[in-house]
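In listed order, ligands and their atoms are each counted from 1. Everything numeric here is computed off the predicted structure, so don't read it as measured data.
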Amino acid sequence: MAEPRGQKCILVTGGSGLVGKAIEKVVDDGERRPDEEWIFASSKDADLTDAAATRALFEKHRPTHVIHLAAMVGGLFRNIKYNLDFWRRNMHINDNVLHSAYDSGVQKVVSCLSTCIFPDKTTYPIDETMIHSGPPHNSNFGYSYAKRMIDVQNRGYFEQHGCRFTAVIPTNVFGPHDNYSIEDGHVLPGLIHKVYLAKRNGTALTVWGTGKPRRQFIYSLDLARLFLWVLREYDEVEPIILSVGEDDEVSIREAAECVVRSMDFKGELLFDTTKSDGQFKKTASNSKLKRYLPDFQFTPFEQAVKETCNWFCSNYAIARK
Ligand code: NAP
Ligand code: GDP
């Protein structure tokens with residue numbers, strides 16, 4: 001017999017990715033409420049660049065709430081190569097998801113922006129009011145403008161139709177189930193994979209760029225807990241930055257050294273300065289988050305990196321790479 005339908009049906013697009021898997025874990029580990037049914041959708045359930053397939057997904061599940069994560073995602077070097085594809089695919093996905101949510105009467109949508117979409121030439125720290133205040137870094141203009149349009153659409157759906165469509169702005173995310181591809185992925189999963197191979201092959205670890213750029217990293221499981229709070233409690237249409245504090249920003253060199261310690265790598269550390277550094281920094285303020293959640297505890301970076309390295313080593317055969 002079919003399970004009785006909960007009062008809330010939460011559809012998570014991009015449910016098979018880094019952030020989606022983290023939300024699924026947090027929900028399964030005790031955060032699921034009795035009146036909630038959760039659907040974690042991947043591209044196998046629907047290609048969201050296709051409007052008809054997106055509508056069919058919404059008709060099938062009739063969600064009351066949506067966490068919209070699905071996107072073409074990649075690190076600096078994938079962005080540099082495919083700016084046009086990032087723009088086109090993500091524009092299609094976002095328009096299809098937001099419009100299907102509107103058409104089917106979804107009560108709330110929480111979409112996902114990123115701190116890398118902020119203006120390149122700016123003052124620091126960056127805050128939520130600055131998304132549209134200047135061109136993004138050249139390396140990822142396609143991804144950035146597509147993401148910025150989510151904020152434009154959310155405003156439009158609210159002003160014309162009164163919809164509660166909002167967005168969160170995380171910094172660089174990492175954790176289990178990331179994309180550990182060295183060419184296409186983000187820096188931490190790339191470095192974890194490189195250290196794994198360097199240990200196995202007895203070679204040096206080559207960090208790309210100078211190691212000087214700075215990043216705020218957020219553990220996917222911390223981000224997942226914050227997503228649940230935004231879904232349930234946050235009532236603004238304006239986005240909110242989900243980030244560790246400005247003091248917790250680290251250089252790429254420090255991040256690499258943390259991976260080296262976590263994986264007990266004893267080999268040499270090299271820097272390939274022929275590779276791009278990308279945006280030097282995108283230091284974001286988490287003041288708004290702290291006003292809402294003054295007691296939120298982030299997992300210490302060292303511990304989160306260690307857990308992620310352990311996950312990758314234990315799941316090497318199945319990890320995306
Ligand atoms: P990810 O691990 O690469 O996962 C991407 C997800 O999107 C997967 O579930 C994938 O499904 C799905 N997807 C991609 N194209 C699709 C399509 N055409 N139709 C349906 N589903 C599609 O990405 P993530 O790191 O979890 O990112 C989640 C969200 O966070 C994204 O919106 C991203 O922009 C944002 N974000 C990420 C970071 C970061 O550092 N990772 C930082 C800031 C913001 P399959 O598994 O079936 O391919
Ligand atoms: P970003 O934060 O959006 O720029 O994207 P990434 O997560 O790809 O981080 C890019 C930064 O990490 C740049 O400064 C790169 O030079 C540096 N980096 C060092 N080694 C690597 C690596 O193995 N992979 C990636 N993606 N970046 C690396």
Going by the order shown, which atoms of ligand 2 are within less than 4.0 Å of some heavy atom of [X]?
X: Gly75; answer: 8 (O)
X: Asn172; answer: 2 (O), 7 (O)
X: Phe77; answer: 25 (C), 26 (N), 27 (N)
X: Pro213; answer: 14 (O)
X: Lys194; answer: 22 (C), 23 (O)

Below 4.0 Å from ligand 2: does a non-hydrogen atom of Gly185 turn up there or not? yes
So is Lys275 close enough to ligand 2, meaning a heavy atom under 4.0 angstrom away? no
Taking atom [atom1] of [X] as the centre, does the number of heavy atoms from other residues, nucleotides or ligands within less than 6.0 Å exceed 12?
X: Lys212; atom1: NZ; result: no
X: Arg148; atom1: CZ; result: yes
X: Lys290; atom1: NZ; result: no

Does any part of the side chain of Asn138, heavy atoms only, come nearer than 4.5 Å to the side chain of Asp120, both counted from C-beta?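 No; the side chains remain at least 4.5 Å from each other.
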For [atom], what is the closest protein heavy atom, and at what distance to 0.1 Å?
atom: atom 19 (C) of ligand 2; result: Trp208 O, 2.9 Å
atom: atom 2 (O) of ligand 2; result: Arg215 NE, 2.7 Å
atom: atom 25 (C) of ligand 2; result: Val187 CA, 3.6 Å
atom: atom 14 (O) of ligand 2; result: Asp277 O, 2.7 Å

Heavy-atom distances under 4.0 Å are what count here, so tell me which part of Asn79 touches ligand 2: side chain, backbone, both or neither. neither
Proximity of Ser276 to ligand 2 by residue part, where a heavy atom lies under 4.0 Å: backbone
Checking side-chain polar atoms at under 3.5 Å, does Thr206 have a donor or acceptor matched by the opposite partner on Asp272? no
Between Thr210 and Asp277, does any side-chain donor sit less than 3.5 Å from a side-chain acceptor? yes
Going by distance only, is there an N or O of [X] that falls short of 3.5 Å from an N or O of ligand 2?
X: Gln279; answer: no
X: Leu76; answer: yes
X: Lys282; answer: yes
X: Val207; answer: no

Atom pair [atom1]/[atom2] of [X] and [Y] - distance to nearest 0.5 Å:
X: Leu289; Y: Tyr234; atom1: CG; atom2: OH; answer: 10.0 Å
X: Glu307; Y: Thr299; atom1: CD; atom2: OG1; answer: 6.5 Å
X: Trp208; Y: Ile252; atom1: CH2; atom2: CD1; answer: 12.5 Å

Close-range residues for ligand 1, whose non-hydrogen atoms fall below the 4.0 Å threshold: Gly14, Gly15, Ser16, Gly17, Leu18, Val19, Ser42, Ser43, Ala46, Asp47, Leu48, Thr49, Leu69, Ala70, Ala71, Val73, Ile93, Cys112, Leu113, Ser114, Tyr143, Lys147, Pro170, Thr171, Asn172, Val173, His186, Arg320
Applying the side chain to side chain contact (heavy atoms under 4.5 Å, CB included) criterion to Phe217, which one of Val250, Val173, Thr171 satisfies it? Val250
Between His161 and Tyr157, what is the ring plane arrangement, given parallel below 30°, perpendicular above 60°, and tilted in between?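 His161 and Tyr157: tilted rings.
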Parallel, tilted or perpendicular: ring planes of Phe298 versus Phe296, cut at 30 and 60 degrees: perpendicular
Cation over ring, Arg155 on Phe158, under 6.0 Å and within 45°? no
Per the salt bridge (charged side-chain N to carboxylate O under 4.0 Å, His left out) rule, which among Arg164, Lys288, Arg291 passes with Glu236? Lys288
